[in-house]
Amino acid sequence: MNLLEIKDLTIRFDTEAGSVHAVNGVSLSIEQGETLGLVGETGAGKTTTALGILRLIPDPGKIVGGSILYKGEDILAKSEKEVLDIRGNEISMIFQDPMTALNPVMTVGAQVLEVIEQHERCTPEEARRKTVSILGKVGIREERVDDYPHQFSGGMKQRVVIAIALACNPKLLLADEPTTALDVTIQAQVMHMINELKKEFSTSMLLITHDLGIVAASCDKVAIMYAGAIVECGTLEDIFDHGAHPYTLGLFGSLPRLDVKVDRLTPIDGLMPDPMDLPQGCAFHPRCPRATDVCRAENPGAAELSPGHQVRCHLASTHPGP
Ligand code: SF4
């Protein structure tokens, strides 16, 4: 059974200047222990989708449609108190920038301890023991537990953020570009650590990233997002070896293969459309080398190329593939 199943999620920001269509009918699913990579350019709606799962959309954003089934129950139908229980106890989020995620006036140990005390019934001694243990798992020694965030390097701060996210053994981790703010040398270490901890705790993960090396090394499934919609999703092999959507092919530099190292997304000519003024038809048509009149008039539905491999493109079945 799917641990998380999002169906047709739609999120809008109604501003004085007009409506921002941030997430437009997103559907995706994650099974127990699975990692789904959510890939796309800045502004595609990836972070807003993750925040929607936790019902943390900032004002004036609103979830205006769809459902988010967690363990078969719709998070959108739950009370604020029930959602509060799910955050931290069941689903945690690791944010991109450790500098803003940590409280500068609390010791790192106190920040982990606070989460444990909020979500578990235990004595102060047990909470302290658990704090030392979880910080130890991310490589922070006991003598550093009472240090403040400014006494740590960027990589060590992100380890603390990961410890806080894992403090209550969540079933699902939402990791939003967890290594982007770190030095390249530290990125691989931190990602390796997340993957090891994920295995140890059998946690499922939604991993938002631009880094195709990380996707290849960490993900079971991949969803490609463009202008608030999932344009292609499937297994790692489906996307890397049989990617069919022109946007996927463009992102991967035209010939994605698992056995050829691709480090970063290749920029595609043109810009992502203004979410306040999405083009009619397929939102990718102004940048698509294969656009036709049908593409300019009608938004394509999802076509299944093979079990679980879905593509939203009018020409999906006629793409030559890599
Ligand atoms: Fe390109 Fe048309 Fe497919 Fe959109 S539907 S990706 S414009 S070929």
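Counting convention: from 1, in listed order, for ligands and their atoms alike. On a predicted model such as this, the values are computed, not experimentally measured, just so you know.
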Q: State, yes or no, whether a side-chain contact exists between H314 and T292 at a heavy-atom distance under 4.5 Å.
A: no
Q: Fit a plane to each ring of H245 and F284, take the angle between them on a 0 to 90° scale, and name the class: parallel (under 30°), tilted (30 to 60°) or perpendicular (over 60°).
A: tilted
Q: Let me see the working for Q111 and Y148 under side-chain hydrogen bond (donor to acceptor under 3.5 Å, both in side chains), right down to the final yes or no.
A: CA-CA 10 Å; Q111 296 185 54; Y148 288 88; over 6 Å; no
Q: Show which atoms of ligand 1 fall inside a sub-4.0 Å distance from at least one heavy-atom site of H314.
A: 3 (Fe), 5 (S)
Q. Can you check whether H285 reaches Q280 side chain to side chain, under 4.5 Å on heavy atoms?
A. no
Q.
With side chain to side chain donor-acceptor pair (under 3.5 Å) as the test, pick out the partner of H309 among E304, E232, H242.
A. E232
Q.
Out of all atoms in ligand 1, which are within 4.0 Å of some heavy atom of P246? Include the element for each.
A. 1 (Fe), 6 (S)
Q | Charged N-O contact under 4.0 Å between D85 and K81 | A | yes
**Q.** Side chain, backbone, both or neither: C282 near ligand 1, heavy atoms under 4.0 Å
**A.** side chain
**Q.** Numbered atoms and elements of ligand 1 in range of H245, under 4.0 angstrom, heavy atoms
**A.** 6 (S)
Q. Under 2.8 Å from atom 4 (Fe) of ligand 1, is there an N/O/S atom belonging to C295?
A. no
Q) Atoms of ligand 1 less than 4.0 Å from L315 heavy atoms? A) 8 (S)
(Q) Taking backbone and side chain together, does C288 place any N/O/S atom at a distance below 2.8 Å from atom 2 (Fe) of ligand 1? (A) no
